[in-house]
Amino acid sequence: MQYSQEIQRVVTTALSELKQQHQTGKLANTPITNTHFLARWVTKSIKTQAFDGCVKHDLIRWQKLSRSKGAGSELIVTFERIAKLYQHFIPAAGGPKPIKDSDIEAFMDHMEEKGWEVVNEFELTEKTQIFADQPNSFVLCAKQCDDCFDGELLHKPMSFYVRGNHAAFITEATEQGFLLHKQTDYKSIVKYHGEYLIYPNNIGPKLAEIPMNY
């Protein structure tokens, strides 16, 4: 089962059933009642194994979040943001858009224009420290820039190493056509840099980072 399809099925099913409860008058449309409904819906989905195991960790995380934060967990907002992100990048009709080497080149140029220091001339095979003049830096492995592509198309996961304003980077990357999948906040092979992976066709095995503007 492809994760990107199943996570869409989870959130769209949940939101659809919630909407149906509102329309039939069985549930008031308030933050507390919506969260309570979705928390019960998530727990039931886990118990009945309604969805593929690839989304199990997401369901369990949401279950724990709703138990600890109640209405503050904002499950409905989370589900809506996930639905919007994946419907844009991996629509049910038409399929995903391939990632090309020219897309990476264009993104590097874009981040430089945004004032980021972009580094891609080193082969990253061991712990490396990059000395950057800018507070925000974006590093790629020179070897990956060749090996991750089959012709012009990305065919292997590729690492983006990031230091500085991660939220801004996620927003810029998403707007430029990349779904980022976080591996670590800062303890990567590049010292002081976090690591994100992009996957061929943006189809990754876990939930992608959702930018603040979604």
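Only heavy atoms go into these numbers, but all of them, side chains included; no hydrogens, no water, no symmetry mates. Only a predicted model underlies this, so the values are computations on that prediction, with no experimental measurement involved.
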With a 3.5 Å distance limit and no angle check, can you tell me whether [X] reaches the backbone of [Y] through a side-chain donor-acceptor pair?
X: Gln63; Y: Ile46; answer: no
X: Gln134; Y: Glu117; answer: no
X: Arg163; Y: Phe138; answer: no
X: Asn201; Y: Pro96; answer: no
X: Thr33; Y: Ala28; answer: yes
X: Glu121; Y: Val119; answer: no
X: Thr128; Y: Glu126; answer: yes
X: Thr24; Y: Gln21; answer: yes
X: Tyr192; Y: Tyr186; answer: no
X: Arg81; Y: Tyr214; answer: yes

Q: Please determine which of Asn120, Leu154, Ile198, Asp109 meets the side-chain contact (heavy atoms from CB on, under 4.5 Å) test together with Ile104.
A: Ile198
Q | Between OG on residue Ser45 and CG on residue Asp58, distance to nearest 0.5 Å | A | 12.0 Å
Taking atom [atom1] of [X] as the centre, does the number of heavy atoms from other residues, nucleotides or ligands within less than 6.0 Å exceed 12?
X: Gln129; atom1: CD; value: yes
X: Arg40; atom1: CZ; value: no
X: His22; atom1: NE2; value: yes
X: Lys127; atom1: NZ; value: yes

Q: Check the angle between the aromatic planes of Tyr196 and His166 and answer parallel, tilted or perpendicular using the 30° and 60° thresholds.
A: tilted
Q: Assign the ring pair Phe178 / Phe160 to parallel, tilted or perpendicular, where the plane angle (0 to 90°) is split at 30° and 60°.
A: perpendicular
Q: Flag the pair Lys100 and Asp103 as a salt bridge only when some basic side-chain nitrogen lies within less than 4.0 angstrom of an acidic carboxylate oxygen.
A: no
Q: Determine, stepwise, if the pair Val11 / Tyr86 fulfils side-chain contact (heavy atoms from CB on, under 4.5 Å).
A: CA-CA 10 Å; Val11 296; Tyr86 278 89; over 6 Å; no
Q. Do Glu80 and Leu15 have side-chain heavy atoms sitting under 4.5 Å apart?
A. yes
Q | Leu38 vs Ser66 side-chain heavy atoms within contact, under 4.5 Å | A | no
